[in-house]
Amino acid sequence: MPCTRQKSVTECVPLMRALQLEYPDEDFYHCYDQFMLGDALLVAPVIKEGVQSRKVTLPAGIWTDFWTHDVYEGNRTIEVLADVHQIPVFIKENTAVLLNVGESGQVGGHVGNDVTQYTQPKLIIAAKDDFQQTIRDHVGNTLHLTVNASARSVTCEGELAFEIEWIEL
């Protein structure tokens with residue numbers, strides 16, 4: 001995740017935070033069941049048993065469904081499927097998310113219990129515009145990314161080799 005743990009530790013910012021904290025100029029006082037995980041992921045868990053869809057209120061900007069890669073214009077409420085094995089998660093535009101995926105390369109695959117190394121690192125990039133981002137992971141890697149959206153290229157200063165998955169916005 002983009003600087004998630006590092007920012008939480010160094011800036012005393014909660015890892016999971018209410019939307020109103022992240023978007024103080026928008027009206028999220030009623031959103032008690034959605035939260036930001038770091039700077040890039042909006043999580044909307046299902047809190048009622050047996051429910052197979054739910055409404056999600058998106059902040060301004062462009063948001064991508066983590067699972068389907070459907071793209072949504074923000075500043076509105078949408079209805080999304082909420083499979084029992086895939087809670088609704090959305091990626092903020094112009095961000096990169098570093099994941100540890102199993103040997104299959106699929107999110108949710110077996111990665112074991114070793115948190116000192118990656119099974120298979122994967123960088124998911126949701127890019128509309130060019131951007132720069134620094135990712136500090138739990139293993140001690142620091143990746144300085146420069147993303148060129150139109151050329152679909154990433155320049156990385158860092159030691160970690162990873163697979164890239166592009167989401168075009």
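Throughout, numbering of the chain's residues begins at 1 and tracks the sequence. Quick caveat: nothing in here was measured; it's all calculated off a predicted structure.
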How many angstroms lie between CZ in F66 and CG in L41, if you round to the nearest 0.5 Å?
-> 7.0 Å
Would you call I125 and F131 a side-chain contact if the rule is heavy atoms closer than 4.5 Å?
-> yes
Residues R17 and D39 bridged, charged N to O under 4.0 Å = yes
Smallest heavy-atom separation, I135 atom then A96 atom, equals CD1-O, 3.9 Å
Is the backbone N or O of P59 less than 3.5 Å from a side-chain atom of N75, with the two atoms forming a donor-acceptor pair by type?
-> no
By side-chain contact (heavy atoms from CB on, under 4.5 Å), which residues pair with A151, not counting sequence neighbours?
-> N148, S153
Sorted by first residue and then second, give each salt bridge (charged side-chain N to carboxylate O under 4.0 Å, His left out) pair with at least one member in residues 64-76; sequence neighbours left out.
-> none
Under the side-chain contact (heavy atoms from CB on, under 4.5 Å) rule, what do T142 and D137 come out as? Steps first, then yes or no, please.
-> CA-CA 7 Å; T142 299; D137 68 11; over 6 Å; no
State the CH2-CG distance between W63 and L58, to the nearest 0.5 angstrom.
-> 7.0 Å
Shortest non-hydrogen contact from P121 toward Y118 | CD-CB, 3.7 Å
Determine, stepwise, if the pair I164 / V154 fulfils side-chain contact (heavy atoms from CB on, under 4.5 Å).
-> CA-CA 9 Å; I164 296 175; V154 179; 4.0 Å; yes
Which residue pairs pass the side chain to side chain donor-acceptor pair (under 3.5 Å) test when at least one of the two sits in residues 158-169, sequence neighbours left out?
-> H69-E165, Q120-E163, K122-E165, R152-E168
Applying side-chain contact (heavy atoms from CB on, under 4.5 Å) to C31 and not counting sequence neighbours gives L19, F28, Q34, T57
Could you note down all residue pairs passing side chain to side chain donor-acceptor pair (under 3.5 Å) where residues 96-113 supplies at least one of them, sequence neighbours left out?
-> none
Any side-chain heavy-atom pair from V139 and L160 closer than 4.5 angstrom?
-> no
So do F162 and V101 actually touch side chain to side chain, heavy atoms under 4.5 Å?
-> no
Taking the side chain as every heavy atom from C-beta outward, state whether V56 and Y72 have any pair of such atoms under 4.5 Å apart.
-> no
A18: what forms a side-chain contact (heavy atoms from CB on, under 4.5 Å) with it, not counting sequence neighbours?
-> none
Do I62 and V71 come within less than 4.5 Å of each other through their side chains, counting heavy atoms only?
-> yes
Exam field: side chain H138 to backbone V115, donor-acceptor pair closer than 3.5 Å = yes
Between CD1 of I78 and NZ of K55, what distance do you get to the nearest 0.5 Å?
-> 11.5 Å
Check: A127 main-chain N/O paired with N94 side-chain donor or acceptor under 3.5 Å | no
I would like to know whether F90 and V43 meet side-chain contact (heavy atoms from CB on, under 4.5 Å); could you show each step before the answer?
-> CA-CA 7 Å; F90 296 86; V43 182; over 6 Å; no
What's the spacing between C156 SG and L123 CG if we round to 0.5 Å?
-> 8.0 Å
